[in-house]
Protein chains: 2
Amino acid sequence: MSDSTPATIEDVARIAEVSIATVSRAIHTPEKVAKSTRLKVNQAIAITGYTTNAMARSLRLGRSNMILVVAPDIGDPNFSSILVGLENEARSHGYGVLIGHTQNDAQRAVEYLKFLNSNQAAGLILFTGILPFGHETIAARLPPSVGIFEPVFNGGIPYVGVDDEEGARKVVDLLLAEGHRKIAFIGDSRTRLAYKRRRAGYDAGLNSAGVPAELRLVQEGDGTLESGRAAVERLFVRDTLPTAFMCVNDQTALGVMIGLKARGYDIPRDFSVTGFDDVPQATFMTPALTTIRQPRTLIGKHAMALLLELLSNGLPAEMEILLRPDLVVRNSVSTPSPRWRER
Amino acid sequence: MSDSTPATIEDVARIAEVSIATVSRAIHTPEKVAKSTRLKVNQAIAITGYTTNAMARSLRLGRSNMILVVAPDIGDPNFSSILVGLENEARSHGYGVLIGHTQNDAQRAVEYLKFLNSNQAAGLILFTGILPFGHETIAARLPPSVGIFEPVFNGGIPYVGVDDEEGARKVVDLLLAEGHRKIAFIGDSRTRLAYKRRRAGYDAGLNSAGVPAELRLVQEGDGTLESGRAAVERLFVRDTLPTAFMCVNDQTALGVMIGLKARGYDIPRDFSVTGFDDVPQATFMTPALTTIRQPRTLIGKHAMALLLELLSNGLPAEMEILLRPDLVVRNSVSTPSPRWRER
DNA sequence: TGTCCCGATGTAAACCTTTACATAGCGGGT
DNA sequence: ACCCGCTATGTAAAGGTTTACATCGGGACA
């Protein structure tokens, strides 16, 4: 019973007095074995405590039950909630989740590639448009893959993302409803897909509210706290002040708030500020940041579901799944200060 | 070269004009094969792009190159930084990291047990003293394991933790240096090892400063924000106020700050508050929290190193590795308010 | 020159499954 | 009575590796 070596299918077969083929069938295709035999086998399994050896199985089948999840940085708090969704979905289908992070280092990426080539993972989940494996020739050998947040490899693989445009739209609409007209957009890099989409939501919202183009102040940066602060400085220098700062992400928003506070202003009395992403710290900022919450766990769940489907069907249900994000209203937005009314 | 099916050891052998045994040896025990042969094999490997099939290897060797990391909650931001350390160390030794989270659900734990029994993981990393697998009989079959933060299974397996007592000592010493004498300790459960150790540091510090026992106010709770707030209320009701609140963790500290602010007090002017752990939000609290930083990545690195050693040697270097945490001074501590001087 | 030993290599078994194919038994249709 | 077809089961190969054991060749030593 509690041998030193684990029970094999042969032990089960001997006890159940059948062949190993029958045991295998009783486990994986029960409908193909007579009910009485099935019973004997199940008893034998219970007695021996048999678990099928995953290595042997994977070897025979030519594919493992592991999914490799590669992110630029596992330490990122945004990552972990997505991971929860990924893991739950995988587990409930008998798959395990293997993690890796590239830290934008090509060398590490190659190591993961070896992992894949040695058949250790049946599928791959890739984060944020990174193309971790240098040569495209290598990429051709990639197992079924799904991207998260952004398409990877020229859209050659399906991905699960967020409807950033709709999220941005919700933010602008909130600001407009509060009475703002002169709303600045503080972005990161114009090349990033998220930037484009969020910017599109911003433009669409202002268009449909009839806000003229000359009231739209757009600043770019690199998405860091520092770049948010810098954007504030630039706007003050040019003396073209908005009443609200709509930021491309929460980091930037924090930078903007710090920059504004440094100049002695109160938020939201003097200026309204919004973020995007709802990072864990957003609640703890002063004031608590109004932002867009990413449905992170759901993203993970969908991405994994898509991948598993890819693994069985061979074809993805869709090339793009966009989830709808929610507006989280906290305390960083109010009506425009009368102080700027005359401008 | 870029076949549809990956190259096997046989392909390499054919090209190098040697037997597959020689190829295997050239890879794993190069000193046992003649230099000229080694060269031919290496060339053949380069030509074919061969990677050894991990499944076949694990099957033959009877052990995989995966480490299973089980935590109660992967979504926990504290977890992710540790994961970074774990992953880096594992990867650099050719191991992969498989993750799982139990969510304190026994059913899920059993699923992970299956992973272990089916040989998919050679080792196990366990978080926070959870004993995820119900029956101890099953536990007996566990692969080499290492605990994180607290010993597991009656200390039967080695673990990597933090010298909580020293951390707590650093906090008390800071408070004492600022002039505090009446320092409350807001703990969680008396049964938790972390509580005991942190409490020990608190007592030791006050002892060596000659603070009498009657000035020591100790409250217990469950470590949540709410329990911090409740502790404040209790102290106010009894009207036995300290000048500083030393909390067992950051959550509790936040609760204490909220409770204090709700009564109209200013921190750190009226009361000093300290935490423990340095969660990501600690910087963003108002005021930013003075606390003890856990060397998280380092913990992960050490734990994995210990496990890998266990896997090769069979014996752990030590049963307990305690890392030294650092004091992070922010803005939640100052000298005691003169307001309470007369008490 | 014969013997021994040692280093380098090859042969084949074993690791545990899954599954194509073969076999056996049996009921039913003609 | 014969055959067909169907169901339940068994046999054996294959999947890619590692490694104990066998083999072979050559150098050293007597």
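We name chains A, B, ... by the order of the sequence lines, and we start the count at 1 in each one. Given the structure is predicted, the values throughout are model-derived calculations rather than measurements.
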Starting at [atom1] of [X] and ending at [atom2] of [N], how long is that distance when rounded to a whole Å?
{"X": "Leu61(A)", "N": "dG15(D)", "atom1": "CG", "atom2": "P", "result": "13 Å"}
{"X": "Arg57(B)", "N": "dG15(D)", "atom1": "CZ", "atom2": "P", "result": "21 Å"}
{"X": "Asn119(A)", "N": "dA14(D)", "atom1": "CG", "atom2": "P", "result": "19 Å"}
{"X": "Ile9(A)", "N": "dT19(C)", "atom1": "CD1", "atom2": "C1'", "result": "11 Å"}
{"X": "Met55(A)", "N": "dC15(C)", "atom1": "CE", "atom2": "C1'", "result": "12 Å"}
{"X": "Arg63(B)", "N": "dT17(D)", "atom1": "CZ", "atom2": "P", "result": "17 Å"}

message: Quick test of your reading: applying ring-ring contact (aromatic ring centres under 6.0 Å, His included), list the pairs with at least one residue in residues 50-85 of chain A, sequence neighbours left out, ordered by first then second residue.
response: Phe79(A)-Phe127(A)
query: Under 4.0 angstrom, heavy atoms only, what part of the nucleic acid is Ser58(A) near: base, sugar-phosphate, or nothing?
result: nothing
task: Name the nucleic acid region contacted by Leu59(A), choosing base, sugar-phosphate or nothing; use a 4.0 angstrom heavy-atom cut-off, strictly under.
output: base
What pairs of nitrogen or oxygen atoms, one from the protein and one from nucleotides 24-28 of chain D, lie under 3.5 Å apart?
none

message: Holding to side chain to side chain contact (heavy atoms under 4.5 Å, CB included), I want the full list of residues that pass it with Ala90(B), two or more places apart in sequence or in another chain.
response: Tyr95(B), Val97(B), Met304(B)
field: With sequence neighbours excluded, residues passing side chain to side chain contact (heavy atoms under 4.5 Å, CB included) with Ser92(B)
entry: none
field: Counterpart residues, side chain to side chain donor-acceptor pair (under 3.5 Å), relative to Arg25(B) (two or more places apart)
entry: none
- line: dist Ser19(A):OG -> Arg14(A):CZ (nearest 0.5 Å) comes out at 13.5 Å
cation_pi(Arg91(A), Phe115(B)) dist<6.0 Å, angle<=45: no
message: Holding to salt bridge (Lys or Arg N to Asp or Glu O under 4.0 Å), I want the full list of residues that pass it with Glu309(B), two or more places apart in sequence or in another chain.
response: none
Report all interatomic pairs (protein N or O, nucleotide N or O of nucleotides 4-13 of chain D) with separations under 3.5 Å.
residue: dT9(D); atom: OP1; partner: Thr37(A); partner atom: OG1; Å: 2.4
residue: dT9(D); atom: OP2; partner: Ala34(A); partner atom: N; Å: 2.9
residue: dT9(D); atom: OP2; partner: Thr37(A); partner atom: OG1; Å: 3.2
residue: dG10(D); atom: OP2; partner: Ser19(A); partner atom: N; Å: 2.7
residue: dG10(D); atom: OP2; partner: Ser19(A); partner atom: OG; Å: 2.9
residue: dG10(D); atom: OP2; partner: Thr22(A); partner atom: OG1; Å: 2.6
residue: dG10(D); atom: N7; partner: Arg25(A); partner atom: NH2; Å: 2.8
residue: dG10(D); atom: O6; partner: Arg25(A); partner atom: NH1; Å: 3.2

query: side chain to side chain donor-acceptor pair (under 3.5 Å): which pairs involve residues 66-81 of chain B, sequence neighbours left out?
result: Asn78(B)-Arg296(B)
field: Pairs meeting criterion side chain to side chain donor-acceptor pair (under 3.5 Å) with involvement of residues 35-47 of chain B, two or more places apart
entry: none
